Every structure is written in structure tokens, then in C-alpha cells.
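Heads up: the structure comes next, in C-alpha cells.
Everything quoted here is computed from the prediction, not taken from an experiment.
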Amino acid sequence: MPRRRLVLSILVAALLCVASARADDHGHDHDGDSHAEPSPVAGKPAPLLEFKPTSIRAPFLEQFTDDWNTRWTVSQAKKIIDGVEDEDLLRYRGDWAVEEPTVLQAVKGDKGLVVKTPAAHHAIAAKFAKPVDAKGKSLVVQYEVKLQNGLECGGAYLKLLKESKTYDFTKFEDRTPYVIMFGPDKCGSTNKVHFIFRHKNPKTGEYEEKHANTPPTIKSGKTSTLYTLIVNPDNTFEILVNNVSEKKGSLLEDFTPSVNPPKEIDDPEDKKPSDWVDEAEIVDPKATKPEDWDEDAPEFITDLTVEKPEDWLDDEPLTIPDPQEEKPEDWDEEEDGEWVAPSIPNPACENGNCGEWKRPSIKNPEYKGKWSAPKIPNPAYKGPWAPRKIPNPNFFEDKSPADFEPIGAIGFEIWTMQENILFDNIYIGHSISDAKKLAEESWVSKYEAEKAQEEAENPAPSADSDKKEAPASFIDQAKAFFGEFAKDPVKAVESNPSIAIAVVVVLGSVVVLTAVSSSLGEAKPPAPKEVKGTEKPSGEKTEKEKEEKKEEGGAKKRKPKVDS
């Protein structure tokens, strides 16, 4: 192999070795931990977990076991919407089913309540064994939502219904009185986890919906999402999504409209007096226009200090006929008219010094514009008028809005464009610790398994693929370094110190290897050993000797003559 190719091969091999080493370093995390758990392998799903009913007890706890239909009733009602007469559109025609997930299933035998009909109204409800009374207690509402087809437009919230002795869930609909509405809702600009409670006015007996301000947004993925609402006896509340606190606040301060009305209101009988002066300033009646104020002075004037440049060409046109154009041979002036060459910019006017010259305009230092009298404080000003305050006849103060009315049932009354929304593991009760324990039993491991399955189906680029791409990337960086080095060596080294060090190491290796290669090339090969049985007969020349003799004779024949 020629020496130049040898050196080039050594250089390329060295660069690839350095790049590979860099890729190995890049493949390890910064903590030096090379024993991280391997990622799930695509196409090899992990074994399913086994569903086990919980032993936790609560006023209402639903895991949708096989006897679920003894507790839940599907509504046959019809919504009433002004201007809409389509019976099929208004009817709660959405089908329900209890089944295992069809997307990212992680637990064998774990069933949930599933919305089965797209673009339809759905309603279903279940009665509690006995009413849930939150007075003096914490109220905890928790359930899972799995959006197997995503959610573009629809609700996935639940309603806790007001206790009634005459429930007829076949007639459950949007006007059925509820106490709390909680859960995700998304459509158009709406994207929120609702927390709404209905509050009764103790004076009028009327109910008013109170909406939480700035609620958290929903989780739109296809994994199971855990939604938790905690309302405490001190009127504080907290919303958690996947066991992470997303919103905290007070029922008395963070809802619109507010729970309690203002103590005072404007007197509706109080009117502003006709002589009330609420203008803070008036035009100064004593002000007069100064005698030297010239309202007719122009805003701009010609700058007389500027003179026309000496090279200005007043009579030179801005365009001229193109001298390179000629009249076509087939041009017929009788039919086509007089031929005129196309115009081009006048080369003499490249500096914009042609045509009529005019002095530029400047701002007129004497310009003042129209005169107007200045304003002064109004001596008759009384300040802004406002009606007097009177006690609010409708005022009340509810210091404990967390003492909700008794809750007797739960219902899902929703409209959605996407089917296959799954609900599971519903907890309604008073124990924060029990709700958390239920989540640990039924949601935590399931969610982790779903995430692992999701990652296995959509694997992220592996460290090995990064390593494969690293050598080419490093060589590209080296090329860029040499290009910058040719222009500014100092800047190249400062901006790419790691590349500079690698190149120095490579070049040093090349120098050493080249020296070794040169020394090997100059060394004489050892004389060949004689092998017995191959000696030539006495007086007989070898083929090599014959060839050398022949060349010597030829050289003698070609010896040039020398003039004496």
C-alpha cells in the first residue's frame, strides 16, 4: 500500500475511534450509571397485572364488578333545548357497557363503565346506600377517566345528585338537581377540570351555580387519568390530577359568582344632582393668544442652505431607448404602428442626479400650529359622583358553604363526539387516606404499566442509534473545525476545544505511526535462507543472474561514444 494511502487510512481510523469513544461517553448518563433498567421492547408487551377487588369501604365505591347493573340505571329521558325538535338528537340515546379497555390494557379482568356511542347524549346514574352528609367532614370525590379514542369535544365529568326520596333514574337528565359537578370537559376553547357546586340562597331559596376560578386543564392522553377533589370543613379545597396538586383555594374566595353577596349596594333611588360638577379641569378663561403666534406658518419650509450639486444633469432624462434593441425585420409600421425601442434606465443617472432639481424641505422652527387656551383646575369641581351606599336587603353570610346538602346518588350526564371513554374506581366518601390507598391499589401500578406499554409501542431513539450516528457527526464537526481553523486558528480552538484536543491526539498518532512506517520501509529484508535440495549445479547461472548479465550487456551496447 502506498505510504500516502496508509497515512490517510490511519487518520480516518483514528478519527472514527475518537468519535466512537465520544459516542460511548454520550451513551452513559451523567451519573455514570450504566445499569439503568432497559426500556420496554417494541412488540413484546409486558404481562398483564391481575385485577383484585379492593377491601376498602366507603359510602360509595364502584369498581364495576359483574353485578354493576344492579346499581346503575340508564336514562331514557329527552333533553329540552329551545329551537331543537330533532327527537333523535335530544334523546339520551348513547349506549353504555362495562368492559375491559381496548387501548393500553394493563390489568386483566379490570372493567370500567364505557361510553359506546359517538356524537350522542349519555346519561346513567346509581343511588347511594345512604345519603352522604358532608357537614363537618371532608368530602372526597375521586375517579379514573381513560380517553381511549382521545377527546376532541365532549365531557367526562360526574355529578353528585341531591338526595331525593323519589329518584327515577330513567328520567335522569341535565335539569336533575345536583350538588357538585366535577371532572374533565373539552370542546373548542373549553379545556378544564370543572368544579361547580350549587348553592342555595338562604333568603330566597334559589340555587346558583358557583364555578371555580382558573381550573386546571385536562389530561388528553389515552392512559388512565386520576381526578381527585377534596373539600375540607374549613371551606378550603384542592384538585389533584394523577396525585399531583393542580389547584387549591377557598369556596368563599375563589368562585364566580361569590358565595356571599356584598353587605352594601348602591342606592337605586340616589341620582346625581343637576348642578354636580365632575369636570376636574376647565379652559383658562383669562388666557389669550400671544401676538407673535402665527397660526398660518407652514410646518415645513425649503432648506435654502442646500445648493444644487455641480454634476447635476437637469436636462438628462431618467430613461433612454435601449441602444441594443433593433426593429424586427418583420415589423410592419402600417399594421403595427411606429416601432419604438424599449426604455432602459439612463446610465448617466446612476447616482440619481438627473431631472429637475429641488431643494429639500425641513421642519419650520417658527411653526406652532393652531393656538388653544391651556386648562386649569376647575374651582367648582366636586369630584367623581357615585350613588350613596345602603345596606343590601338581600345580604346574607354563609360561613360554611362546605356544608353541602345531602348527596344521594351519582350520575354521568354528558355529550361527547368521541366514544370509548372509560370510567373506573369511583370513590365518594370522607377519608383522604382511603382515597389515596385506593389509588395506590388500583391506579398507580396500572398507570405505570400503561405508560410502559405506550413507550414500547412508540419507542424513543435508543442510545445505540445515537452511537451509530455519532462518528459521522464528529467527522462533520472536524471538517467544520478545519474550515474555521484556516480562517482564524485561535477562534476555532476557543469555540471547539474538544474537537481541537481530539485533532491534536489524532495528528500526534499519525506522526508516530508515520515515523514507524518510514523506519520499517528503510530496513533491509533479511537474506533468504538456503533450502537443501535446491542448490544450483556448478557453473550454472540462476535466472536472476542471467537477467542481470543481460541488462549489463545491454548497458554496454548503449554506452555513448566520446569524441577524442
Side-chain angles (χ1 to χ4, degrees), residues 188-191 213-214 256 262 264-268 270-328 331 333 335-389 480 483-484 486-488 490-492 494-495:
S189 60
T190 298
N191 184 342
N213 300 330
T214 61
T256 302
E264 294 184 323
I265 60 171
D266 293 338
D267 184 355
D270 190 17
K271 306 297 181 184
K272 183 170 72 171
S274 59
D275 61 347
W276 188 274
V277 178
D278 50 12
E279 293 179 349
E281 292 183 324
I282 60 171
V283 175
D284 186 356
K286 297 180 180 180
T288 57
K289 184 174 69 173
E291 294 181 358
D292 61 347
W293 191 286
D294 184 2
E295 292 186 335
D296 298 327
E299 186 175 358
F300 294 93
I301 59 174
T302 301
D303 187 355
L304 300 177
T305 63
V306 178
E307 299 295 336
K308 183 172 69 174
E310 294 181 358
D311 62 344
W312 192 271
L313 307 174
D314 294 83
D315 300 327
E316 194 71 33
L318 297 177
T319 61
I320 61 172
D322 189 347
Q324 297 182 355
E325 291 287 339
E326 296 181 357
K327 183 172 70 173
W331 187 274
E333 293 192 353
E335 293 184 2
D336 302 329
E338 183 182 358
W339 182 81
V340 178
S343 297
I344 61 171
N346 189 344
C349 302
E350 290 182 353
N351 298 325
N353 56 339
C354 295
E356 182 184 0
W357 182 80
K358 294 181 179 180
R359 283 191 172 90
S361 296
I362 58 173
K363 187 79 174 179
N364 185 359
E366 302 298 327
Y367 174 75
K368 296 182 179 180
K370 294 293 182 181
W371 180 85
S372 59
K375 289 190 174 184
I376 61 172
N378 188 351
Y381 176 61
K382 295 183 178 181
W385 182 87
R388 62 175 174 268
K389 297 291 184 178
E484 188 174 353
K487 300 176 182 177
D488 189 340
V490 176
K491 183 178 180 182
E494 289 178 348
S495 59

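Side chain of Glu295 to main chain of Trp371: a donor-acceptor pair is present (N/O by atom type, distance under 3.5 Å, no hydrogens or angles). A distance-only check finds a donor-acceptor pair linking the side chain of Trp312 to the backbone of Gly355 [under 3.5 Å]. A donor-acceptor pair under 3.5 Å is absent between the side-chain atoms of Asp336 and the main chain of Trp331, judged by distance alone. Using modelled atom types, one side-chain atom of Trp276 and one backbone atom of Gly383 make a donor-acceptor pair closer than 3.5 Å. Side-chain N or O atoms of Asp303 include none that pairs as donor or acceptor with a backbone N or O of Ile362 at under 3.5 Å. Side chain of Asn346 to main chain of Pro317: a donor-acceptor pair is present (N/O by atom type, distance under 3.5 Å, no hydrogens or angles). Asp284 contributes no side-chain N or O that, together with a main-chain N or O of Ile376, makes up a donor-acceptor pair within less than 3.5 Å. Side chain of Trp357 to backbone of Leu313: no donor-acceptor contact under 3.5 angstrom is found.
Here the closest non-hydrogen pair linking Ile344 and Pro323 is CD1-CD, 3.9 Å. Taking all atoms of both residues into account, the shortest heavy-atom contact from Tyr367 to Ala297 is CD1-O, 3.2 Å. The minimum heavy-atom distance between Ile282 and Pro379, with the atom names listed, is CD1-CD, 4.0 Å. Across every non-hydrogen atom of Pro387 and Asp270, the tightest pair is CA-OD2, 3.3 Å.
Interatomic distance, Ser274 OG to Lys272 NZ, rounded to the nearest 0.5 Å: 10.0 Å. Distance check: Arg388 CZ to Asp267 CG gives 4.5 Å after rounding to the nearest 0.5 Å. Summarising the geometry, atom CZ belonging to Arg359 is positioned 12.0 Å from atom CD1 belonging to Ile301; distances are rounded to the nearest 0.5 Å. The CD atom of Glu307 sits 8.0 Å away from atom OG1 of Thr305, with the distance rounded to the nearest 0.5 Å. Note that the NZ atom of Lys368 and the CG atom of Asp296 stand 13.0 Å from one another [nearest 0.5 Å].
Inter-residue side-chain proximity for Asn353 and Pro309 is flagged as unmet; no heavy-atom pair is nearer than 4.5 Å. Looking at heavy atoms from C-beta onward, Lys389 lies in side-chain contact with Asp266 at the 4.5 angstrom threshold.
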